[in-house]
S.K.: 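Please find one structure pasted underneath; my questions will follow.
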Amino acid sequence: MKFVFTFLLSFFWITQSGSAAPTADQLMGRLDELYRFDSSTAKLTMTITTPNWIRSLKLESWSLGQKKMFIRILSPARDAGVTTLRVDKNMWNFFPKIDKVIQVPPSMMMGSWMGSDFTNDDLVRETSYKDEYDATVSEEAGLLKLTTTPKPNVATVWGKVVTTFDPKNLIPLGQDFFDENGQLVRTMSFSDLKNFDGKMLPSKMTLVPKEKVGHKTEVLYEELKFTKVSEDVFTLKNLRTTR
Amino acid sequence: MNAFAQIAFRNIFRQRRRSFLTGLSLWGGYVLVSLSIALTDGTYSHMIDAFTGDRTGHIQIHQKNYLEKPSVERMIPNQSQILETLQNMSTSTLNDIIKGFSPRVRAGALAWAHDQVRPVEVWGIDPEKESTVTRFGDKPIDGEAWSNIETALTPVYVGHNIRKQLKLKFGEELILISQGADGSIANDKFFVSGTIGTEDGSDADSLFIPLEAAKNFFSSGIHEIAVRLQHSSSADRVRGLLVQKLTHEEIQISTWAEVEEEFYKAMQADRRGNEVTYIIILIMVCVGVLNAVLMTTLERMREYGLMKAVGTPPVQMFMMIPLEILFLSLFSVGLGALTALPINYWFFKVGITFEQPVEISGILFDRMRAEITTSSMIIPALVVIGMATAVSLIPAIIAHRKTALDALRSV
């Protein structure tokens with residue numbers, strides 16, 4: 001979810017920043033600036049599609065800065081009440097049925113979050129594009145492309161990330177994630193602009209992993225507010241509360 | 001030819017001691033090979049029964065490619081239709097061949113108790129149906145049967161290794177966490193109703209849950225249907241019939257030999273090794289036969305010379321020696337069969353008990369038993385008669401090549 005938030009907020013920043021064609025440094029700086037949007041609450045639906053099943057989760061989330069996030073599953077009934085807390089690089093899940101809080105070990109960070117195509121790592125990653133990536137901006141077929149590659153010694157699973165923007169409004173249309181061998185691993189597309197708390201943002205994101213045929217995860221934001229969130233939300237005690 | 005057959009038959013009794021010794025080696029060879037084959041067949045039949053009766057069954061039905069890459073998501077399509085077809089076949093056309101069938105949920109999970117976590121192999125089963133396919137109903141259970149448990153939690157049986165590592169006792173709670181077939185996180189508490197199997201048995205790392213509870217837990221259908229037949233030898237035939245009946249292209253029907261491919265290949269390799277032993281025994285028998293017949297032929301060379309001199313056709317001369325051995329081997333093998341039958345039967349009924357049971361793939365074997373099969377009685381008979389007759393061709397050729405004059409000059 002942090003991953004999703006990162007992009008939503010960065011797009012907001014960009015759309016607010018004027019019409020001049022941005023340089024690569026400016027774009028990366030602006031991506032990093034999104035961390036300044038410190039708190040938000042959201043209600044969203046995550047639909048996971050595989051060749052064998054389709055599952056929809058209704059979620060409620062809270063974020064504070066870049067380092068804290070809390071997610072609660074509202075439905076389906078089978079999963080209702082399952083919560084996820086992320087503080088810095090630590091992550092916990094609470095399962096009410098067994099009344100257990102389970103910390104996600106580092107070995108599981110690349111594992112799927114609740115069966116989706118998002119990994120646990122997507123939720124905890126703190127990327128500073130300006131510090132960790134080199135970037136170039138180009139124009140292709142009338143679209144603005146920001147190509148970011150990790151600097152040497154930066155620990156990341158991506159060899160390259162290409163973000164495509166609509167040059168008219170600087171709203172992102174999609175993102176391609178490549179591995180170290182230059183193979184496209186997954187794509188994220190953004191659509192359905194919507195006014196959230198007075199700001200125009202794409203409300204729908206679709207993540208498609210390339211190596212898993214027939215799999216995709218759609219995230220549809222129904223509500224997103226940039227309101228103040230209490231520190232108390234992001235505690236292990238709150239993880240165990242049902243509401 | 002009748003006269004020559006009579007002469008050949010009577011020749012057996014001219015050198016009774018030699019014929020007795022030749023017959024004895026033929027008899028011994030037959031009995032040894034017959035017993036060896038019966039013991040091999042019996043041992044493997046016992047192993048196959050132990051394997052298939054422990055968990056495999058004789059035939060298994062899965063979603064295509066499940067065996068290569070098992071996954072909780074790979075459920076059998078059209079489950080109810082397949083189960084109905086099996087039910088119809090087992091009660092009508094194949095009621096004397098199909099003993100039973102059992103639908104199963106199969107998946108891995110993490111088991112958690114007393115702050116200890118370990119992976120377990122979860123089996124969702126219907127105990128009644130499972131008992132028609134495997135020895136589930138006969139396995140020792142240290143605890144209470146599910147039907148006797150009254151609790152809000154689902155009762156489970158755990159294997160010995162799970163009980164030991166998680167320090168579980170009867171009536172305690174056990175948490176299972178896994179991935180559901182719909183991508184959800186399957187998590188729930190269960191009631192430990194007993195420990196199943198033995199400490200060294202194949203179930204030591206397994207955990208058994210009632211079938212419907214397993215379906216709910218994993219949000220899944222069934223992953224496997226195991227079918228038990230009256231005898232493992234019908235597996236290929238029944239598989240063929242099932243392939244004709246269950247035509248869904250996404251299912252895979254496999255015999256136990258395909259499911260337990262490694263065991264089957266090891267068994268076949270061992271069989272090949274045993275065949276080498278049989279051949280060595282038979283070669284030793286044949287060398288003895290060759291020696292005896294060659295001696296007889298050389299002693300009778302004057303007789304052959306005389307027969308040639310009076311105009312005996314060469315073909316009849318040539319045939320007389322192999323015919324004599326054929327009669328002798330038929331008699332020896334007949335006697336051998338009468339001897340081997342009770343010996344094989346004793347090994348079938350009583351067998352040899354091992355001081356220390358031997359474990360193969362988690363299953364303990366404590367006894368070696370024979371099995372009386374057509375292959376243990378007919379194959380050695382055909383091989384002994386065939387090989388003895390074949391080696392007798394050598395002295396027959398020697399006698400045939402001698403001219404009447406040379407033969408008469410012989411000692």
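Each chain gets a letter, A, B and so on, in the order its sequence line appears, and its residues count up from 1.
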S.K.: Flag the one option from B:Asn187, B:Leu176, B:Ile175, B:Ile185 with the top tally of heavy-atom pairs under 4.5 Å to chain A.
M.R.: B:Asn187
S.K.: Is B:Ala181 in contact with chain A via its backbone, its side chain, both, or neither, using a 4.5 Å heavy-atom distance?
M.R.: backbone
S.K.: Just to verify, which of B:Arg104, B:Arg55, B:Lys139, B:Arg228 counts as forming a salt bridge (charged side-chain N to carboxylate O under 4.0 Å, His left out) with B:Glu130?
M.R.: B:Arg104
S.K.: Consider side-chain hydrogen bond (donor to acceptor under 3.5 Å, both in side chains). Of A:Thr83, A:Asn120, A:Thr84, which one does A:Asn93 pass it with?
M.R.: A:Thr84
S.K.: Can A:Lys160 be said to sit on top of A:Phe178's aromatic six-ring, NZ or CZ under 6.0 Å from centre and within 45° of the ring axis?
M.R.: yes
S.K.: What part of A:Ile102 gets within 4.5 angstrom of chain B, counting heavy atoms only: side chain, backbone, both, or neither?
M.R.: side chain
S.K.: Out of B:Phe208, B:Phe191, B:Tyr157, which one pairs with B:Trp146 under the ring-ring contact (aromatic ring centres under 6.0 Å, His included) rule?
M.R.: B:Tyr157
